[in-house]
Amino acid sequence: QVHLVESGGGLVQAGGSLRLSCATSGRTFSPYAMGWFRQAPGKEREFVAAIYWNGGRTYYADPVKGRFAISRDNAERTVYLQMNSLKPEDTAVYYCAVARGMLLMTTPAQYDYWGQGTQVTVSS
């Protein structure tokens with residue numbers, strides 16, 4: 001079992017930045033890829049970013065490429081999402097999740113454990 005807790009969300013103006021953190025506990029953290037997803041009201045949960053088990057590779061959804069950066073600290077059992085140049089359309093609840101394996105995965109069904117989410121609101 002893995003327990004995940006996201007933090008760092010909040011209200012920010014368009015063009016601003018936020019850094020989300022996801023602290024994990026329980027099962028061994030490092031052999032698994034990690035991902036961030038988001039869900040806006042009335043929409044399905046969508047992939048944002050993923051990071052390889054050792055941090056060596058990352059992958060981003062097109063809407064956030066060049067603006068968001070995912071990273072991880074295996075010693076601290078934490079994954080981060082640095083969000084820059086935020087836009088109103090980035091408003092959503094952001095979730096971190098543990099993948100089923102080491103490789104990059106982009107669909108919710110490929111992730112076994114989820115945090116409770118943190119709200120990000122970007123005002124125009």
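We count residues from 1, following the sequence as given.
Scanning both residues, N84 and S17, for their nearest heavy atoms gives OD1-OG, 2.9 Å. When all heavy atoms of E6 and Y95 are compared, the pair lying nearest together is OE2-CA, 3.3 Å. For the pair C96 and L4, the tightest heavy-atom approach, listed with the atom from each and the gap, is SG-CD2, 3.5 Å. Listed here is the closest heavy atom pair of Y52 and R72: O-NH1, 3.1 Å. Here the closest heavy-atom approach between residue C22 and residue M34 is recorded as SG-CE, 4.5 Å. Contact detail for G35 and Y111: the closest heavy-atom pair is N-CE2, 3.5 Å.
Put simply, L18 and V48 are part of the same group of oily side chains (I, L, V, M, F, W, Y) that touch within less than 4.5 Å, one to the next. One hydrophobic cluster holds both M105 and F37 under the rule that ILVMFWY side chains link at heavy-atom gaps under 4.5 Å. Under the 4.5 Å side-chain heavy-atom criterion for Ile, Leu, Val, Met, Phe, Trp and Tyr, V120 and L11 are members of distinct hydrophobic clusters.
Counting only distance, with no hydrogens or angles, the side chain of T91 and the backbone of V122 share a donor-acceptor pair below 3.5 Å. Within the 3.5 Å criterion, the main-chain N or O of I70 finds a donor-acceptor partner in the side chain of Y60.
Annotation: F68 is not in aromatic contact with W36 [ring centroid separation under 6.0 Å not met].
In this structure, L20 CG and T78 OG1 are separated by 13.0 Å, a value rounded to the nearest 0.5 Å. For the atom pair E76 CD and T24 OG1, the distance stands at 10.5 Å (nearest 0.5 Å).
Atom CZ of R100 is surrounded by more than 12 heavy atoms from other residues, nucleotides or ligands within 6.0 Å. Shown here is K65, whose NZ atom has more than 12 heavy atoms of other residues, nucleotides or ligands within 6.0 Å.
Annotation: ring pair (Phe, Tyr, Trp, His ring centres under 6.0 Å) contacts of Y59 (sequence neighbours excluded): F47.
Between D90 and K87, no side-chain nitrogen of the basic residue sits less than 4.0 Å from a carboxylate oxygen of the acidic one, so the salt-bridge criterion is not met.
Using a 4.5 Å heavy-atom cutoff, the side chains of R38 and E46 are in contact. Proximity of V98 to D112: side-chain heavy atoms (C-beta onward) are nowhere separated by under 4.5 Å.
Contacts classified as side-chain hydrogen bond (donor to acceptor under 3.5 Å, both in side chains) and involving residues 7-16 (residues at least two apart or in different chains) are not found.
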